Amino acid sequence: MRLIFLGAPGAGKGTIASAIGKELGLPQVSTGDLFREAVKNGTELGLRVKSIMEKGELVSDELTVALARERLGRPDTAKGYILDGFPRTIPQAEALASFQRIDGAVNFLCSDEVVVRRLSGRRICRSCGAIYHVENMPPRREGVCDRCGGELYVRDDDRIDSIRNRLRVYREQTEPLIGYYRGRGLLHDIDSGQTVEKSLGELRKLLKKLRKAG
Ligand code: ADP
């Protein structure tokens with residue numbers, strides 16, 4: 001099963017992709033995570049994308065497609081994958097279509113108000129990448145990861161200026177993908193303004209339907 005997760009930043013794509021990926025045994029391929037890893041490791045790619053990411057702008061299609069293509073060529077994606085945060089522009093979607101056949105695109109719908117609240121309260125584990133929220137999903141001990149004891153931090157682009165910019169960039173560059181995939185009969189909407197468990201429930205039903213149809 002090759003799936004694309006679409007939706008505004010903060011709509012819950014990453015949290016849901018991680019959970020459903022584990023259930024189905026599919027890797028979650030997040031270009032954002034791959035870029036963040038490059039920044040953390042100080043690689044050449046990392047140095048090129050660091051300031052772009054901090055501002056909430058998009059990395060160039062060329063770099064992003066090359067990264068995604070390399071990742072999707074690895075053996076763990078042979079049985080399928082969940083693309084989280086890629087494609088994010090029409091040219092990226094076209095590039096993807098030239099080398100992969102996709103089974104479905106899931107659109108996570110969520111209001112701006114909820115998105116801002118979620119992103120500004122988001123905390124991430126520096127060691128294992130687990131995602132928390134100060135109100136909705138607090139760790140047992142403040143600032144410490146329940147899973148691995150790692151330190152929790154606020155992503156540079158989860159500050160209010162960057163959040164607003166990411167939403168604007170999403171509207172302008174990524175939202176057109178909804179029409180792109182709808183036109184190809186691949187789009188499915190999920191309400192992600194509700195709890196993670198409820199969104200996951202909806203998604204499980206949808207995937208069952210897709211598997212039957214496929
Ligand atoms: P978000 O929470 O905004 O969905 P991601 O972790 O997916 O965050 O991405 C963080 C940043 O990484 C983006 O703001 C952008 O700078 C860069 N990035 C990730 N995926 C892409 C992509 N497909 N195209 C361009 N830039 C990307």
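Model, not experiment: these values are computed from the prediction.
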Salt-bridge contact Glu23-Arg204 (side-chain N to carboxylate O under 4.0 Å): yes
CA sep, side-chain torsions, deciding dist, call: Phe5, Ile20, side-chain contact (heavy atoms from CB on, under 4.5 Å): CA-CA 11 Å; Phe5 279 12; Ile20 202 80; 4.0 Å; yes
Value rounded to 0.5 Å, distance of CG in Asn165 from CZ in Arg159: 15.5 Å
Glu175 versus Tyr180, side-chain donor and acceptor atoms under 3.5 Å: no
Asn41 side chain to Thr43 backbone, donor-acceptor under 3.5 Å: no
Nearest atoms (heavy-atom pairs only) where Pro27 meets Gly80: CD-O, 3.3 Å
Donor-acceptor contact below 3.5 Å, side chain Ser18 vs main chain Gly14: no
same_hphob_cluster(Leu6, Tyr81) at 4.5 Å side-chain heavy-atom cutoff: yes
Note: Asp103-Arg2 ion pair, threshold 4.0 Å (strictly below): no
Derivation and outcome, side-chain contact (heavy atoms from CB on, under 4.5 Å), residues Ile124 and Arg155: CA-CA 7 Å; Ile124 297 178; Arg155 255 168 59 175; 3.3 Å; yes
Heavy-atom pair of closest approach, residues Asp84 and Ala17: CB-CB, 4.2 Å
ILVMFWY cluster, Leu206 and Leu26 together (side-chain gap under 4.5 Å): yes
Glu142 side chain to Pro139 backbone, donor-acceptor under 3.5 Å: no
Close side-chain approach of Ser127 and Cys145, heavy atoms under 4.5 Å: no
Minimum side-chain heavy-atom gap Leu203-Ile16 below 4.5 Å: yes
Asp191 side chain near Ser199 side chain, heavy-atom distance below 4.5 Å: no
Exam field: side chain His133 to backbone Arg117, donor-acceptor pair closer than 3.5 Å: yes
Any donor-acceptor N/O pair, Arg123 side chain to Tyr132 backbone, under 3.5 Å: no
Residue pair Val115 / Ala8: nearest heavy atoms and the distance that separates them: CG2-CB, 4.3 Å
Derivation of the side-chain contact (heavy atoms from CB on, under 4.5 Å) call for Ile190 and Asn107: CA-CA 6 Å; Ile190 296 273; Asn107 180 29; over 6 Å; no
Minimum side-chain heavy-atom gap Phe86-Leu96 below 4.5 Å: yes
Donor-acceptor pair, side chain of Arg74 and main chain of Arg71, under 3.5 angstrom: no
Stepwise side-chain contact (heavy atoms from CB on, under 4.5 Å) test for Leu45 and Leu34: CA-CA 10 Å; Leu45 175 70; Leu34 294 171; over 6 Å; no
Any side-chain heavy-atom pair of Leu83 and Leu3 under 4.5 Å: no
Minimum heavy-atom distance Ile90-Pro176, with the two atoms named: CD1-O, 3.9 Å
Validation row: Ile82, Val29 side chains within 4.5 angstrom (heavy atoms): no
Arg171/Asp112 salt bridge by N-O under 4.0 Å criterion: yes
Minimum heavy-atom distance Ala68-Thr31, with the two atoms named: CB-CG2, 4.4 Å
Asp157 side chain reached by Ile163 side chain, heavy atoms, under 4.5 Å: no
Rounded distance (nearest 0.5 Å) linking atom CG of Leu72 with atom OG1 of Thr77: 5.5 Å
Shortest non-hydrogen separation from His188 to Leu186 and the atoms involved: CD2-O, 3.2 Å
Straight-line distance of Glu57 CD to Gln173 CD, nearest 0.5 Å: 8.0 Å
Option passing side-chain contact (heavy atoms from CB on, under 4.5 Å) with Thr15 (candidates Arg118, Met137, Arg122): Met137
ILVMFWY network linking Met1 to Ile102, side-chain heavy atoms under 4.5 angstrom: no
Verify same cluster id: Ile160, Val154 (apolar side-chain graph, 4.5 Å): no
Under 3.5 Å: donor-acceptor pair, side chain of Ser192, backbone of Leu109: yes
Gln92 side chain vs Arg88 backbone, donor-acceptor pair below 3.5 Å: yes
Ion pair check, Glu172 and Arg168, cut-off under 4.0 Å: yes
Cluster check Val39, Tyr153: I/L/V/M/F/W/Y, side chain < 4.5 angstrom: no
Donor-acceptor pair, side chain of Lys13 and main chain of Gly7, under 3.5 angstrom: yes
Neighbour count above 12 (heavy atom, 6.0 Å) for Glu54 CD: yes
Between CD on residue Glu202 and CG on residue Leu207, distance to nearest 0.5 Å: 11.5 Å
Ser162 side chain to Asp158 backbone, donor-acceptor under 3.5 Å: no
Flag side-chain contact, heavy atom, 4.5 Å: Leu187 against Ile178: yes
